[in-house]
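Here is the structure we will look at.
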Amino acid sequence: MSAPRCASRRRAEASLRIGLVGNARYADLRLVLADVARLATARGWALTVDDELLPLCPSATTPLDPSTIDLLVSFGGDGTLLRAARRLLGRPVPVLGVNFGRVGFLTSVSRDQATAALEAFAAGQFRVSERRSLLARVSAPDGLVTTELTALNDVVLHKGGVARVTRFQVLIDGEPMGPVSADGLVVASPTGSTAYSLSAGGPLVVPNLEAIIVTPICAHSLGVRPIVVRSDAMVRIEPSNPFPQDLLVSVDGQQTAELVAGGSLEVCTAPSPVLLVRVGDAGFFRTLRDKLHWGDLSDRGA
């Protein structure tokens, strides 16, 4: 879902409180942060930064408190934006992604557009795209939930150590989908359909669709294909005996949890969406064309 364009007067009159999260390894990030700090000083905006950016932006206050900001800005690639979204802990704070990476599918603007995007946000000239995230629960054999994590992109069950086929049962709302023999399984949100799930052969899904995508990784049988289920479904994965060792659950490729023998993994839609700020006219299909080179080559010259 996309929220309507916000009223420019109301946003412009308020003093913005902006949180900054970023990947400090980018060499020119310091220069962009300096431009942002100068703009914030001129406009009377309050800046807070996470610990990693404090040496690059000493004029900002710290620590970053997600409960006190109006906007969270992510400087980096998609991985940085995923980390930024996780910092919000479900709070309805919009996230603006400034791309410093290679693809930047989730980010909204390039690094040289950062200050212009902040001006546009302050003037209400932006859209908010609501992205459904996923809630993953890892349970012990007695049914006790040992780990609970949220993912904007995907939850992946895979074997650690040596790659080897794993056999597991997949249940959708309690109904067995059937046994699956594969290197692993990706449970993705529509936003994550363009990430690991796509590489594993999953479908492209428009991000505002209410759905969950279940994609086997290198399935042992050609009869096992990706499937799209309702967003209110509960996806349960139960590894089969003999239970493999070193079975891991990865969330957005950044957090992991171990699935012990006899345990299970449940994935459902999280209660709170992530709000991504969109500046300009680029939509999902424009992003597909620009980032993934979607379509044929007829419009790109010889």
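- Of the possible donor and acceptor atoms, one in the side chain of D142 sits under 3.5 Å from a partner among the backbone N and O of L144.
- In this structure, Q169 contributes its side chain and P176 its backbone to no donor-acceptor pair below 3.5 Å.
- Judged by distance alone, the side chain of N23 and the main-chain N or O of R25 form a donor-acceptor pair under 3.5 Å.
- A side-chain donor-acceptor contact under 3.5 Å links S264 and R236.
- In the model, R131 has a side-chain atom that pairs as donor or acceptor with a side-chain atom of S129 under 3.5 Å.
- The backbone N or O of N153 sits less than 3.5 Å from a side-chain atom of D252, completing a donor-acceptor pair.
- The distance from atom CZ of R91 to atom OG of S67, rounded to the nearest 0.5 Å, is 5.0 Å.
- Members clustered with L72: V21, L64, I69, L81, L82, L88, V93, V95, L106, L152, V274, L276, by chain and number, using a 4.5 Å side-chain heavy-atom cutoff among hydrophobic residues.
- In this structure, E210 contributes its side chain and S231 its backbone to no donor-acceptor pair below 3.5 Å.
- Within a 6.0 Å sphere centred on OH of Y196, heavy atoms belonging to other residues, nucleotides or ligands number 12 at most.
- Side-chain N or O atoms of R111 include one that pairs as donor or acceptor with a backbone N or O of F100 at under 3.5 Å.
- The main-chain N or O of R17 is found under 3.5 Å from a side-chain atom of D70 such that the two form a donor-acceptor pair.
- Proximity of a side-chain donor or acceptor of N99 to a complementary backbone N or O of G77 within less than 3.5 Å is not detected.
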